[in-house]
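These notes are about the structure you will find just below.
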Amino acid sequence: MASDQVTLLDLWASPFGMRVRLALAEKGVKYEYSEQDLMNKGALLLQMNPVHKKIPVLVHNGKPVCESLIIVQYIDEVWKDKAPFLPSDPYQRAQSRFWADFVDKKIYDFGRKIWMEKGEDQEAAKKGFIDSLKLLEGELGDKPYFGGETIGYVDIALVPFYTWFYAYETIGNFSIEAECPKLIGYCKRCLKKETVSKSLEDPKKVYDFVVMLRKKYGIE
Amino acid sequence: MAEVKLYGFWPSPYSHRIIWALKLKGVEYEYIEEDLSNKSESLLKYNPVYKKTPVLVHGDKPIAESLVILEYIEETWPENPLLPKDPYERAMARFWIQYGVDTVAALRAFYHGSGEELEKAATELLESLKILEEQGLGDKKFFGGESMNLVDISYGALGYWLAAVEEVKGVKVLEPSTLPRLHAWAKNLDELPVVKENIPASDKMMAYFTAAMNRPAKN
């Protein structure tokens with residue numbers, strides 16, 4: 001709709017923000033990108049997300065939607081005439097929701113521990129992370145994408161985390177590809193799509209960002 | 001219509017949520033009690049990822065994770081809708097449901113805590129619930145307006161369950177003096193027949209909590 005005003009409050013390195021960028025790209029929605037300084041939160045962010053004060057926030061015609069997966073579902077429901085993210089069958093939809101929730105529960109938390117923890121805690125996080133990726137590989141099976149022939153809800157939930165894998169591997173001193181070659185093959189296949197490659201950040205830049213965060217938190 | 005089975009655990013509000021939703025939709029189902037200390041083959045088959053209850057099995061197709069199950073029930077039996085139709089209102093409803101997921105840590109800390117930890121947990125829980133009351137519920141009777149919806153269902157534990165925990169702990173968090181609107185909401189919810197008739201007796205729950213709290217925290 002030509003009269004739609006869409007703004008995304010985001011942080012460039014955030015995988016949650018990348019989910020929304022990818023969703024908007026898949027639907028071909030034009031929007032204004034607004035980089036936020038999370039160390040010095042602006043009035044707009046605090047007004048649009050008073051409860052959590054976090055990004056991403058999608059502002060659609062002045063009204064804010066918060067929480068990345070909720071935003072992705074909202075985008076799917078509003079711009080429903082193109083590239084549906086969720087299947088039409090309720091059982092398949094439930095499976096998609098289950099696995100997207102799994103990504104939220106497992107991939108983010110374990111990934112975070114890999115770069116924030118050391119010693120045994122880090123080792124446990126690496127194991128949990130790999131075990132979770134293997135479960136995802138099982139769910140992917142022989143399909144090109146979790147959504148089947150096209151990118152869907154689970155793909156949008158998961159693939160942005162690929163941009164953080166290089167940081168996890170370097171800091172955690174392990175190879176994700178050696179353990180989960182199928183999952184990495186899948187991520188590279190996704191990146192061949194223009195909507196994905198233009199929505200995801202460069203892993204090396206993300207790594208520099210994580211190094212900066214570790215210094216800031218005094219982790220060394 | 002294919003048969004519906006619910007694998008549940010009687011003291012768990014996560015299981016109660018599913019019962020209320022099925023009842024509100026008028027869905028016939030078979031309830032199967034799980035002994036979580038001795039999980040059945042069926043549970044392990046139907047929920048291999050988390051091995052937890054509740055699990056809904058429709059025909060032979062399993063769905064796990066209570067919030068995923070609730071959305072499935074809403075879509076499969078669309079009569080008596082439990083989510084708004086408007087995409088923005090739906091997003092707001094889902095936001096507040098998700099806020100409840102974030103509050104669970106505070107509830108768990110309150111449930112397991114004692115002494116100083118319990119006091120700290122009570123304070124944090126109160127802060128969390130204040131935001132819910134002010135920005136989520138506002139002046140509405142239910143989160144769903146005049147009648148309960150999925151948001152109310154997702155917060156059901158704040159009524160009967162929290163009251164039983166408060167009784168056992170000897171510490172109150174949800175009171176008319178501190179959270180007047182939320183307290184009134186909880187009372188209204190517990191009076192609805194679908195909730196009132198589908199929760200365990202409070203003395204049975206308190207006995208369960210007392211025993212569980214005296215065991216070292218596991219999960």
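Just so it is clear, the model here is predicted, and its values are computed rather than measured. Note that these values count all heavy atoms, side chains included, but never hydrogens, waters or copies made by symmetry. Labels below follow one simple rule: chain letters A, B, ... track the order of the sequence lines, proteins then strands, and each chain is numbered from 1.
Relative to the six-membered ring of B/Tyr7, B/Lys39 misses at least one condition, a distance below 6.0 Å or an angle of at most 45° to the axis.
With a 4.5 Å cut-off on non-hydrogen atoms, B/Arg90 touches chain A through its side chain but not through its backbone. Neither the backbone nor the side chain of A/Lys80 comes within contact range of chain B, judged by heavy atoms closer than 4.5 Å. Heavy atoms of B/Pro48 lying under 4.5 Å from chain A are absent altogether. With a 4.5 Å cut-off on non-hydrogen atoms, A/Arg93 touches chain B through its side chain but not through its backbone.
Ranked by non-hydrogen atom pairs under 4.5 Å with chain A, the options B/Tyr88, B/Tyr50, B/Phe95 are led by B/Tyr88. Between chain B and the options A/Glu77, A/Lys105, A/Gln95, the largest number of non-hydrogen pairs under 4.5 Å is found for A/Glu77. Ranked by heavy-atom pairs under 4.5 Å with chain B, the first of A/Pro50, A/Ala94, A/Cys66 is A/Ala94. Note on A/Lys63, A/Glu67, A/His52: by heavy-atom pairs under 4.5 Å with chain B, the leading option is A/Lys63. Across A/Tyr74, A/Tyr91, A/Phe102, A/Phe98, the residue that shares the most heavy-atom pairs under 4.5 angstrom with chain B is A/Tyr91. By number of non-hydrogen pairs under 4.5 angstrom with chain A, the leading residue of B/Lys61, B/Met92, B/Glu65 is B/Lys61.
Of the possible donor and acceptor atoms, none in the side chain of A/Asp10 sits under 3.5 Å from a partner among the backbone N and O of A/Trp12. Judged by distance alone, with hydrogens and angles left aside, the side-chain atoms of B/Asn47 form a donor-acceptor pair with the main-chain N or O of B/Lys52 at under 3.5 Å.
Counting only heavy atoms from C-beta outward, the side chains of A/Gln36 and A/Leu11 never approach each other to under 4.5 Å. Side chains of A/Leu8 and A/Glu32 form no contact here, defined as non-hydrogen atoms less than 4.5 Å apart.
Here the CD atom belonging to B/Glu71 is positioned 4.0 Å from the CZ atom belonging to A/Arg97, to the nearest 0.5 angstrom.
Outside the 6.0 Å centre-distance limit, the rings of B/Phe9 and B/Tyr14 are not counted as a close aromatic pair.
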